[in-house]
There are 2 protein chains.
Amino acid sequence: MKETKPSPAGDLRVAESFRRWVAMPVDQASCPVRDVLDRLGEKWVTLLVMALVERPRRFSELFRLVPDISKRSLTQALRSLEQDGIVTRHVFPTTPPAVEYRLAPLGATMLEPLAAMIAWAEDNHGRIRAARRRYAAAEAKRSGASGSASS
Amino acid sequence: MKETKPSPAGDLRVAESFRRWVAMPVDQASCPVRDVLDRLGEKWVTLLVMALVERPRRFSELFRLVPDISKRSLTQALRSLEQDGIVTRHVFPTTPPAVEYRLAPLGATMLEPLAAMIAWAEDNHGRIRAARRRYAAAEAKRSGASGSASS
DNA sequence: CAGAATCCCTAAAGATACTG
DNA sequence: CAGTATCTTTAGGGATTCTG
């Protein structure tokens with residue numbers, strides 16, 4: 001197990017974050033949580049960041065590395081990341097052209113929190129799947145019981 | 001600035017995570033990163049978790065708290081969270097009925113990594129917005145320069 | 001090789017109306 | 001109050017084709 005530190009301070013910090021957030025205008029652009037986290041939520045973004053941790057990768061390399069992505073989505077996701085300064089794009093004017101994507105300094109700073117989330121996901125994947133099964137079972141029982149008895 | 005610790009260990013850990021992930025079958029359900037992180041990426045999920053940090057909230061409370069969510073989306077997001085064991089749902093059979101959503105223990109454990117991500121987002125929101133402006137400017141120049149000279 | 005452009009299609013999200 | 005049901009709109013994303 002990792003450190004199961006209670007971190008009441010952390011909780012309070014989140015609570016504070018939320019308080020600030022809720023006080024903000026709905027304006028998506030000015031709310032970091034929505035503006036930044038939404039980006040990270042985009043389908044392939046985190047996966048690509050992970051793919052770039054070890055070393056820079058070329059387009060086709062990433063394309064092969066993520067089996068079920070389309071070139072279009074790959075391009076889009078890389079654009080997002082480039083736009084936000086998370087990755088940089090280097091074009092080598094050879095023939096045929098080679099393009100390399102590398103984690104920008106800003107991107108490197110997000111590895112820590114990202115790794116924390118990933119670790120949490122891995123640690124609790126079992127629990128979550130169990131919870132889903134439990135939920136499905138409860139749901140099935142609800143449907144099965146025709147609204148009559150069965151307490 | 002916070003601690004800008006280099007954390008090479010953290011980076012390696014992510015790299016390792018990715019290596020494991022890429023070796024996995026595409027099977028979404030067996031990959032924690034995709035299975036769990038995708039959920040967290042769902043539009044309102046993190047926001048709702050944040051809304052539940054301080055104390056349990058009722059449906060209508062959450063509805064008011066998140067200004068631009070629809071009842072339908074709220075219900076769905078809460079279902080997701082309930083399904084995964086992140087929140088629990090308590091029905092008080094009064095008339096009219098009151099339903100309270102509260103962070104489950106499992107949900108509480110994700111506050112730490114989530115807070116880390118949020119902190120990162122807040123710390124770097126300015127940088128990201130700047131990067132976007134830079135990107136937009138560079139893009140505009142590309143369009144402006146009719147593809148001829150300009151080094 | 002690395003993309004841009006196009007078409008298509010599904011899933012997510014909003015609005016509205018109805019119900020226990 | 002706390003939903004569900006239905007309809008509609010939209011945008012994300014996939015497949016394909018074309019280009020520098």
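Values below: every heavy atom of this structure, side chains too, minus hydrogens, waters and symmetry copies. All chains are named by letter (A, B, ...) in the order of the sequence lines, taking the proteins before the strands, and each is independently numbered beginning at 1.
- Smallest separation of non-hydrogen atoms from Ser73(A) and Trp44(A): CB-NE1, 3.8 Å.
- What separates CG of Asp38(A) from P of dA12(C) is a distance of 15 Å, to the nearest Å.
- Per the geometry, CD belonging to Glu139(A) stands 14 Å off C1' belonging to dT4(D), to the nearest Å.
- As rounded to whole Å, 17 Å separates atom P of dC1(C) from atom CZ of Arg57(A).
- Here dG3(C) is the nucleotide among dG3(D), dG3(C), dC1(D) with the atom lying nearest to any side-chain atom of Thr75(A).
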query: side chain to side chain contact (heavy atoms under 4.5 Å, CB included) between Val99(A) and Arg89(A): does it pass, once the steps are laid out?
result: CA-CA 7 Å; Val99(A) 179; Arg89(A) 178 171 174 272; 3.7 Å; yes
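- Picking from dC1(D), dG3(D), dA2(C) the nucleotide with the shortest atom distance to the side chain of Arg89(A) gives dA2(C).
- Distances shorter than 4.0 Å separate some side-chain N or O of Tyr101(B) from OP1 or OP2 on dG3(D).
- Glu82(B) and Thr88(B) share no side-chain donor-acceptor pair at under 3.5 Å.
- The nearest whole Å value for the distance from the CG atom in Leu78(B) to the C1' atom in dA2(D) is 11 Å.
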- request: Evaluate side chain to side chain contact (heavy atoms under 4.5 Å, CB included) for Val49(A) paired with Leu111(A), printing each intermediate quantity in order.
  value: CA-CA 8 Å; Val49(A) 170; Leu111(A) 291 180; 3.8 Å; yes
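- Within the 4.5 Å cutoff, side-chain heavy atoms of Ser80(B) are placed close to those of Glu42(B).
- The line from CD1 of Ile86(A) to OG1 of Thr46(A) is 12.0 Å long, rounded to the nearest 0.5 Å.
- We find the CD1-NE2 distance between Ile128(B) and His125(B) to be 7.0 Å, quoted to the nearest 0.5 Å.
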message: So if I define the base as every atom that isn't primed, P, OP1 or OP2, how would nucleotides 13-20 of chain D read as a B/S/- string at a heavy-atom cutoff under 4.0 Å?
response: BBB----B
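- Residue contacts for Phe92(A): at a heavy-atom cut-off of 4.0 Å it reaches no nucleic acid atom on any strand shown.
- A straight line from CD of Glu61(A) to P of dG3(C) spans 13 Å, rounded to a whole angstrom.
- When the C1' atoms of four end pairs are superposed on the next four at each end of the helix from dC1(C)-dG20(D) to dG20(C)-dC1(D), using five pairs per end, the two resulting axes differ in direction by 50°, to 10°.
- For the pair Val36(B)/Asn124(A), no side-chain contact is recorded, criterion being any heavy-atom separation below 4.5 Å from C-beta on.
- The salt bridge (Lys or Arg N to Asp or Glu O under 4.0 Å) test with Asp84(A) is passed by exactly one of Arg133(B), Arg132(B), Arg129(B): Arg132(B).
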